[in-house]
Undergrad: 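Please find one structure pasted underneath; my questions will follow.
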Amino acid sequence: MHPRRPEGFDGLGYRGGGREEPGPGARPFSSAAELGHWVTSPPDIPGSRNLHWGEKTPPYGAGTPQGGAGLNEEPNLGAGGPGAGKGAPGPQLNRFAGFGIGLASLFTENVLAHPCIVLRRQCQVNYHARNYHLTPFTIVNIMYSINKTQGPRALWKGMGSTFIVQGITLGTEGIISEFTPLPREISHKWNLKQIGGHLLLKGLTHVIAMPFYSASLIETVQSMLDAYFPELIASFAASLCADVMLYPLETVLHRLHIQGTRTIIDNTDLGYEVLPINTQYEGMRDCINTIKREEGMLGFYKGFGAVIVQYTLHVAVLQLTKIIYSTLLQNVS
C-alpha cells in the first residue's frame, strides 16, 4: 500500500507548493480540494479567542455573526442598537430600579421598623411585665398608648445611635477584610474554610462593636421622665430566621447588658408609666434559670409580637416596590 502524498514532500515548509520548482515528472496540484488531503487546519483550542467550550471556528468566508463583527471583536450589544429587543429594559433603568429597591429596603429596616425594635427590646428587658405580648394585637395597642402619652418621638428613640453602630460595624468589617484573608462574602462555590473565615470575621467585628452596641441598646430602651430582587429576599429570610431562632438568647443578652445601668423603661403592661430595671443576675446561666423559673419558657419570647409586625411591614414595602418596578418596566416596554 503506497503512501498518498505528493512527490518531494519532506514534511517541512509545505504550504500548497514545494520550496523548489517542480521537476518535469512531477504532477502539479491544480485545486485546493487536492491540497485538502495534506493541509489541515489546527484543532480548536477551548477558550482561545472568542470561542467557548463546544464551539468550532467558522470556516473561512462564512458570514460572521452579530452583524459582521471580527474574530477578535466584541459584537455590538448596546441597548439602543437596531438589534436590541423592544421589551428589554436599558441598563440605566435597571440600575435606577435596583437603587430604589435597595433604598426602600434600607429605609424599612432602619427607620420604619425602628419602633418595633424599641418595643421588643423593652419587652425583653422588662422582668416586671405580666403581659408577654406574644401576638401583634397587644403590641399595636401598647405602641398606640406610648405614642399617645409620650409622643411619636418615644418610638424612634436611639435611632441615631443605631446608625452609628451600623457604621462602626461596616467599617470594622471592611478594614479587617482588607488586611486579612478573611472573606467578607461567601460565593456560591463555598467551602468550610470560607465559612469558618467568614464567621471569624463576623465574630471579630461584633467583639469590637460590642461596647457601642451596649450604649445604643441603653439609649433605645431608656425613657426619659419628661417624656436588583433575589438578594433582598435572601437577606430578609436570613434576618427573619436569625431573629426567630436566636430570640431567647437575645432576651438573655439584653438583660445582662442592661443590668447595673440604672435604666428606666416604659411600662409595657399599661403604656403610661415607667419602671426602673434593677436585676442581680450572676451570669448567663443564672439569668436563664431565673427566667425559666419565674417567667416560664414563654418569658424568653417577651415582645415577639413586635417581630411579627416588623417583618410584616418589611414584606409590605418590598412587595410595593416590586409592583412599582414591574409597572415601570411594562410602561417602558
Undergrad: Considering all heavy atoms of both residues, which atom of Ala129 and which atom of Asp269 are nearest to each other, and what is their separation?
TA: CA-OD2, 3.4 Å

Undergrad: Hydrophobic cluster membership, with links at side-chain heavy-atom distances under 4.5 Å among I/L/V/M/F/W/Y: are Val252 and Leu298 in one?
TA: yes

Undergrad: Can you see which heavy atom on Gly283 is nearest to which on Leu256, and at what distance?
TA: O-CD2, 4.0 Å

Undergrad: Flag the pair Pro276 / Arg262 as yes when at least one side-chain heavy-atom distance between them is below 4.5 Å, and no otherwise.
TA: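 Contact flag for Pro276/Arg262 side chains = no.
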
Undergrad: To the nearest 0.5 angstrom, please state how far the CG atom of Leu275 sits from the CD1 atom of Ile265.
TA: 6.0 Å

Undergrad: Measuring from Leu199:CG to Leu204:CG, what's the distance to the nearest 0.5 Å?
TA: 11.0 Å

Undergrad: More than 12 foreign heavy atoms under 6.0 Å from NE2 of His206: is that the case here?
TA: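 At most 12 heavy atoms, drawn from other residues, nucleotides or ligands, come within 6.0 Å of this atom.
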
Undergrad: What distance separates Asp266 CG from Gln122 CD, expressed to the nearest 0.5 Å?
TA: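 If I round to the nearest 0.5 Å, the distance is 4.0 Å.
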
Undergrad: To the nearest 0.5 Å, how far apart are OG1 in Thr162 and CZ in Phe212?
TA: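 So the OG1 of Thr162 and the CZ of Phe212 are separated by 14.0 Å.
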
Undergrad: Do Tyr301 side-chain atoms and His133 backbone N/O form a donor-acceptor pair below 3.5 Å?
TA: no

Undergrad: Does some side-chain heavy atom of Lys292 sit less than 4.5 Å from a side-chain heavy atom of Phe300?
TA: yes

Undergrad: Would you say the side chain of Ile308 lies within less than 4.5 Å of the side chain of Phe137, judging by non-hydrogen atoms?
TA: no

Undergrad: Is it true that, when you exclude Phe163 itself, more than 12 heavy atoms of the residues, nucleotides or ligands shown sit nearer than 6.0 Å to its CZ?
TA: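 Yes, because the 6.0 Å sphere around CZ of Phe163 holds more than 12 heavy atoms from other groups.
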
Undergrad: With sequence neighbours left out, what residues match His198 under ring pair (Phe, Tyr, Trp, His ring centres under 6.0 Å)?
TA: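 Once residues adjacent in sequence are excluded, His198 has no partner under the ring pair (Phe, Tyr, Trp, His ring centres under 6.0 Å) criterion.
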
Undergrad: Would you call the rings of His314 and Phe236 parallel, tilted or perpendicular, where under 30° means parallel and over 60° means perpendicular?
TA: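 Plane angle over 60°, so perpendicular.
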
Undergrad: Which heavy atom of Leu270 sits nearest a heavy atom of Ser145, and at what distance?
TA: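 Smallest interatomic distance, heavy atoms only, reads O-CB, 4.2 Å.
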
Undergrad: Measuring from Ser216:OG to Arg121:CZ, what's the distance to the nearest 0.5 Å?
TA: 5.5 Å

Undergrad: Do Thr279 and Gln259 have side-chain atoms, one donor and one acceptor, less than 3.5 Å apart?
TA: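 Short answer, yes.
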
Undergrad: Would you check if Tyr247 and Thr251 make a side-chain contact, meaning some heavy-atom pair closer than 4.5 Å?
TA: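 In short, these two side chains touch, coming nearer than 4.5 Å.
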
Undergrad: Kindly list each side-chain donor-acceptor pair under 3.5 angstrom involving residues 175-182, sequence neighbours excluded, with atom names and distances?
TA:
| unit_1 | atom_1 | unit_2 | atom_2 | d |
| --- | --- | --- | --- | --- |
| Ser177 | OG | Glu173 | O | 3.0 |
| Ser177 | OG | Gly174 | O | 2.9 |
| Thr180 | OG1 | Ile176 | O | 2.3 |

Undergrad: Is there a continuous path of hydrophobic side-chain contacts, each under 4.5 Å between heavy atoms, that joins Val140 to Ile117?
TA: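 No, it is not one cluster - the side chains of Val140 and Ile117 are not joined through contacts under 4.5 Å.
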
Undergrad: So Tyr281 and Arg255, side chain to side chain donor-acceptor pair (under 3.5 Å) or not? Walk me through it.
TA: CA-CA 9 Å; Tyr281 301 119; Arg255 293 198 180 187; 3.2 Å; yes

Undergrad: Which atoms form the tightest heavy-atom contact between Ala306 and Ile139, and what is the distance?
TA: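 Minimum heavy-atom separation between Ala306 and Ile139: N-CG1, 3.6 Å.
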
Undergrad: Using the rule that Ile, Leu, Val, Met, Phe, Trp and Tyr join whenever any side-chain heavy atoms are under 4.5 Å apart, tell me whether Leu217 and Leu249 fall into a single cluster.
TA: yes

Undergrad: What I'd like to find out is whether the side chain of Ile277 reaches to under 4.5 Å of the side chain of Thr261, using heavy atoms alone.
TA: no

Undergrad: Who passes side chain to side chain donor-acceptor pair (under 3.5 Å) against Arg120, sequence neighbours left out?
TA: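 Per chain and number, Arg120 pairs via side chain to side chain donor-acceptor pair (under 3.5 Å) with Glu250, Gln310.
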
Undergrad: Considering non-hydrogen atoms only, spot the tightest contact between Thr205 and Thr169 and give its length.
TA: CG2-O, 3.3 Å

Undergrad: Do Leu240 and Val315 sit in the same hydrophobic cluster, where Ile, Leu, Val, Met, Phe, Trp and Tyr count as joined when their side-chain heavy atoms come under 4.5 Å apart?
TA: yes

Undergrad: Roughly how far, to the nearest 0.5 Å, is the OH atom of Tyr213 from the NE2 atom of His257?
TA: 6.5 Å

Undergrad: If you take all heavy atoms of Gly299 and Ile291, which pair is closest and at what distance?
TA: C-CG2, 4.0 Å

Undergrad: Decide whether Leu170 and Val165 are clustered together by the hydrophobic rule: side chain heavy atoms of Ile, Leu, Val, Met, Phe, Trp, Tyr closer than 4.5 Å, transitively.
TA: no

Undergrad: Can any side-chain N or O of Lys302 pair as donor or acceptor with the backbone N or O of Val125 at less than 3.5 Å?
TA: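 No.
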
Undergrad: Do Met143 and Asn147 have side-chain heavy atoms sitting under 4.5 Å apart?
TA: no

Undergrad: Are Tyr132 and Phe304 an aromatic pair by the rule of ring centers under 6.0 Å?
TA: no

